[in-house]
Amino acid sequence: MSIAKTYTPADVEAKWYQRWQEQGFFKAKANPRKQPYSVVIPPPNVTGVLHMGHMLNNTIQDVLVRRARMQGKEACWVPGTDHASIATEAKVVALLKEKGIDKKDLTREQFLAHAWEWKEKYGGIILEQLKKLGASCDWDRTRFTMEPELTDAVLRVFVDLHQKGLIYRGIRMVNWDPQGGTALSDEEVIPKDTMAKMYHLRYEVVSDSLPVVSEQNNTDNQQLTTNNYLTVATSRPETIMADVAVAVNPNDPRYTHLHGAKVRIPLLGREIPVILDEYVSIDFGTGALKVTPAHDLNDYELGLKHNLPVIDILNNDGTLNEKAVLYVGQDRFAARRTIVKDLEAAGHLDKVEEYASIVQTSERTGAVIEPRLSLQWFLKMEHLAKPALAAVESDEIRLHPPKFKNMYRVWMENVRDWCISRQLWWGQRIPAYYLPDGTFVVALSADEALLLAREQSGNAELQLTDLRQDEDVLDTWFSSWLWPISVFDGFKDPDNADVNYFYPTNDLVTAPEILFFWVARMIMAGLEYRKQVPFRNVYLTGIVRDAQGRKMSKSLGNSPDPLDLIAQYGADGVRAGMLFSSPAGNDLMFDIKLVEQGRNFTNKLWNAFRLTQGWEVDATLPFANEKAVAWFAAKLQAAQQELDEHFDKFRMSDALMTVYKLVWDDFCSFYLEMVKPAYQAPIDAETLRHTTGFLETLLKLLHPFMPFITEEIWHELTQRGPKEYVCVAAWPKAQPAAGAADLIARMAKALDIVAGVRNVRNQKGLGPNKPLTLAAKTDDAALLQDYDGVIRKLAALTEITVVDAAPAASVGFVSGGAEFFVPLEGQIDLGAEKERLEKEVGYARGFRDSVLKKLSNEKFVANAKPDVLERERQKLADAEAKITALEQGLAAL
RNA sequence: GGGAGAUUAGCUCAGCUGGUUCAGAGCAUCUGCCUUACAAGCAGAGGGUCACUGGUUCGAACCCAGUAUCUCCCA
């Protein structure tokens, strides 16, 4: 049988994924005899396609889940998607537009029919893509946030929270997209740097409003108010009609004389007060700020503080309404151009300045966002936030890395009420029903609402047609925050076996950007509805950036297509590549080289397997590799222990690197080279048995990271039973063996000697196989005896002898306090050799002196811990020995 | 403007309560090798004033203060 020289993932990945599914390995069900391990996927947007962020995030989840499965836990990874109101609705609107259909011409029902059709057709592509990555989700459990059961959960929770008095309607400043006709969340708003104009407008000071001029402000330092004008800087002159005050800083000496005064809005003539507030920054603009509560968030808050009225001059579509009095019906930008001309004509325009500013635009429509007051539904947060904060503070839930705890705390301590309504159709419609008198009732269904409405109004004649359901839908997060409970049907049936068994889930893997929007809210919902946190650990991944540190985005075109990557490098290579450089919470600087490294690693493993497969066994041969086998067994134990520690700390990169080095360096470069028989020579049965066993253990340790290749080799290695897959093999347990540390240390010394010889070969330009001999001047002859075979094989030596003095014409090196010589007749440059030794001895003396200095410091000797002192004395002794050896070597030259 | 975190090799990062081998890894670099498992490889080597300035200490990458730069969060 000949095995391909390079591993080709495309040949095997689909096969194994299918087999795993056929075997039902990913299916999980409540099983009291096993320990549960559950993870809910952060539901990707149903309209989405796989991007690099998903790759990273889901690779990490899969590693955790696969390891748990191998550890014998009932591993349950619940997949699914969310309905992403705004993104999906925007996509459907765009699609309809292409077909020549305008959303405005459709009824709600018609539009939703289109949306569902679209969802059925394209939704879930992303889940299929996850399978290519190897994600071991229990696909039978796939959920969607807008499916009937989950919608039911959302409505129940809304009704419940309303009954508890936690949901209310209120006015709030929202990001209004005049083109899309909806409010947007902060995440859907993109700030754009632009050059804007700052218009300096003269507001006439109402003369009889001025207080008596006092001694201190009668000087003429008030240029800004010359001729009884107060100059205000604004970038939005069209909003002056909505002004309700002009604010100045009370500490601004330029305006002291205006305290308590009134000014007149240009063109309009309405009088408004000058108010004082330290919020106004003295250096910005003219230091006088027009206050327009309806059209600016900060102004709104200023207005609340100073009890000012609110004048909203804008319609939903961005045109001016009749409250503006002037320019009614004009678009906000058209009105701006007109008013600037009129202001100038009337002599109110002092000057125009350019300045760099940031304009908020809609992610979906590109329109400039209008801060706008509107009536929205809110959820009170204080009651929910307190226990959710405590859960993280007490480490009941651990954030990885823990630096996010600070952020979490700050946010939870300053939490604001959650605006849960969205002016969209795609989503769960708010179950509030308005009565003809304008009051409303909240109920799970229209029928229930009618009963309530009759009761509330005292009007038994009320009919369904008299009720009008709220037009808005709920924020998508209002579905997602229930996810860890709702996927196990914990609202419909709070005591079902699944939810009781799998909730709380164990680990959550997600991005720090949604720590507040999602993670915190899930904690709140979990505590509110199940009195238990939804998960124990939250692993926060970083953002995947390109090598230049730019965020990967479609518009930049700097993101590789994940599926192309998988096709090219194999899912295992890509998974490893993603993990090589992704410490928790740090951004991942993605570089194709990382994926290459991952691919190379799969190939390395493949070739190790190839080597062992090529061996012929000779049963008559004695066991020839006891030292190598004992050493690697010890090494394996140590690595397993280290690996488990990394996993426990959620250090995924380090975990992978541990196995990577174990396989590449220890197993391939050292172990296999030690036991490898000469070309076409047979191997003894005992060595082969151990080697195959080691390889199996390595496959198990690697499986969570590289599921496909490990399964392939697992089956190629030997005949397997029908259920015998590495996917469900028992995770190797680290069993600390007595004397393991000593075995490892002794072999390290032997390998250091090997490296010394190889270095000599390199320096002298000798080939790797030129037969050499080695002479050693050492106190530890036992080491050379014990590891004679290993050293001779790896260093290609014919003989190792112990000597009392350096042989003539040889190159020396020092290893572990002993001196070694490679006799090289006729190839020695005495001068160079002397120079090298002198350099080395000088270095050693310097080191000895620094240790000596430490030890002769009385305070050090008095204060240092005994073990530290002991170490220093040992260092001194070693250094002395080395110096002596080197000096003798020099003398011998 | 307020808050949090960071700054260690060319790059990405480790470095646990200050003291093991005068600071580690992977990648990259350099040198030599197509040595019948692997050139997607093998062997070896070089590379750091631990951002800067002070302080505490017998001893500082680590603790403290200040400075600089960067990132994120909130406004």
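Naming: A, B, ... by sequence-line order, numbering from 1 per chain.
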Exercise for review: Classify every nucleotide of nucleotides 2-8 of chain B by which part a protein heavy atom approaches to under 4.0 Å, writing B for the base, S for the sugar-phosphate alone and - for neither, in 5'-to-3' order.
Suggested key: --SS---
Base, sugar-phosphate or nothing for [X]? Non-hydrogen atoms, less than 4.0 Å.
X        : answer
A:Trp664 : sugar-phosphate
A:Arg416 : sugar-phosphate
A:Ser669 : sugar-phosphate
A:Phe601 : nothing
A:Lys676 : base

Point to revise | Spatial distance of atom NZ (A:Lys635) from atom CZ (A:Phe670) [nearest 0.5 Å] | key: 9.0 Å
Counting side-chain heavy atoms from CB outward, which of [options] is closest to [X]?
X        : options             : result
A:Met589 : B:U12, B:A39, B:A45 : B:U12
A:Ala608 : B:A37, B:C27, B:A39 : B:A37
A:Asn603 : B:G26, B:A37, B:A40 : B:A40
A:Asn762 : B:C73, B:A37, B:G32 : B:G32

Taking side chain as C-beta onward, heavy atoms only, is [X] less than 4.5 Å from [Y]?
X        : Y        : result
A:Leu794 : A:Met674 : yes
A:Leu373 : A:Val174 : no
A:Tyr539 : A:Met652 : yes

Counting just side-chain N and O atoms, does [X] come under 4.0 Å of either OP1 or OP2 of [N]?
X        : N     : result
A:Arg651 : B:A25 : no
A:Asn600 : B:C38 : no
A:Lys764 : B:G32 : no
A:Arg758 : B:G44 : yes
A:Tyr679 : B:U35 : no

Separation between the [atom1] atoms of [N] and [M], rounded to whole Å:
N     : M     : atom1 : value
B:A39 : B:U53 : P     : 49 Å
B:C52 : B:A68 : P     : 16 Å
B:C34 : B:G26 : C1'   : 26 Å
B:C63 : B:G19 : P     : 11 Å
B:U67 : B:C73 : P     : 25 Å
B:A9  : B:G1  : C1'   : 38 Å
B:G59 : B:A45 : P     : 36 Å
B:U12 : B:A6  : C1'   : 15 Å

Review point. Taking the six-membered ring for Trp, are A:Phe632 and A:Phe694 parallel (under 30°), tilted (30 to 60°) or perpendicular (over 60°)?
Key: perpendicular
Check your understanding: Which class fits the ring pair A:Phe517 and A:Trp477: parallel under 30°, tilted 30 to 60°, perpendicular over 60°?
Key -> parallel
Exercise for review: Ignoring hydrogens and angles, answer whether the base of B:A37 and the side-chain atoms of A:Glu673 contain a donor-acceptor pair closer than 3.5 Å.
Suggested key: yes
Check your understanding: B:C38 base to A:Lys604 side chain: any donor-acceptor pair below 3.5 Å?
Key -> yes
Return the value, rounded to whole Å, for the distance between atom [atom1] of [X] and atom [atom2] of [N].
X        : N     : atom1 : atom2 : result
A:Lys593 : B:C27 : NZ    : C1'   : 8 Å
A:Glu596 : B:C11 : CD    : C1'   : 15 Å
A:Phe609 : B:A40 : CZ    : P     : 21 Å
A:Lys661 : B:C13 : NZ    : C1'   : 12 Å
A:Leu56  : B:U12 : CG    : P     : 17 Å
A:Asn607 : B:U36 : CG    : P     : 14 Å
A:Leu656 : B:A25 : CG    : P     : 17 Å
A:Asp591 : B:C11 : CG    : P     : 13 Å

**Study point:** Side-chain donor/acceptor of A:Thr798 to backbone N/O of A:Leu772, under 3.5 Å
**Key:** yes
Point to revise | Heavy-atom donor-acceptor pair, A:Ser669 side chain to A:Trp664 backbone, under 3.5 Å | key: yes
Check your understanding: Within a radius of less than 6.0 Å around CZ of A:Arg545, do more than 12 heavy atoms belonging to other residues, nucleotides or ligands occur?
Key -> yes
Practice item. Please say whether more than 12 non-hydrogen atoms of neighbouring residues, nucleotides or ligands are located less than 6.0 Å from NZ in A:Lys749. Key: no
Practice item. Not counting sequence neighbours, which residues clear side chain to side chain donor-acceptor pair (under 3.5 Å) with A:Tyr660? List them please. Key: A:Gln597
Practice item. Toss me the dot-bracket line for RNA chain B: Watson-Crick and G-U wobble, both under 3.5 Å, 5' to 3', using | for pairs to another strand and [ ] for crossers. Key: (((((((..((((.....[....)))).(((((.......))))).....(((((..]....)))))))))))).
**Study point:** Among A:Tyr569, A:Phe609, A:Trp606, the one residue meeting ring-ring contact (aromatic ring centres under 6.0 Å, His included) with A:Tyr7
**Key:** A:Trp606
Study note, to complete from the structure: Heavy-atom nearest nucleotide on RNA chain B taken for A:Gln597 and for A:Asn769; more 5' hit belongs to A:Gln597
Exercise for review: Using heavy atoms to find the nearest nucleotide of RNA chain B for A:Pro768 and A:Tyr660 separately, return the residue whose nucleotide is more 5′.
Suggested key: A:Tyr660
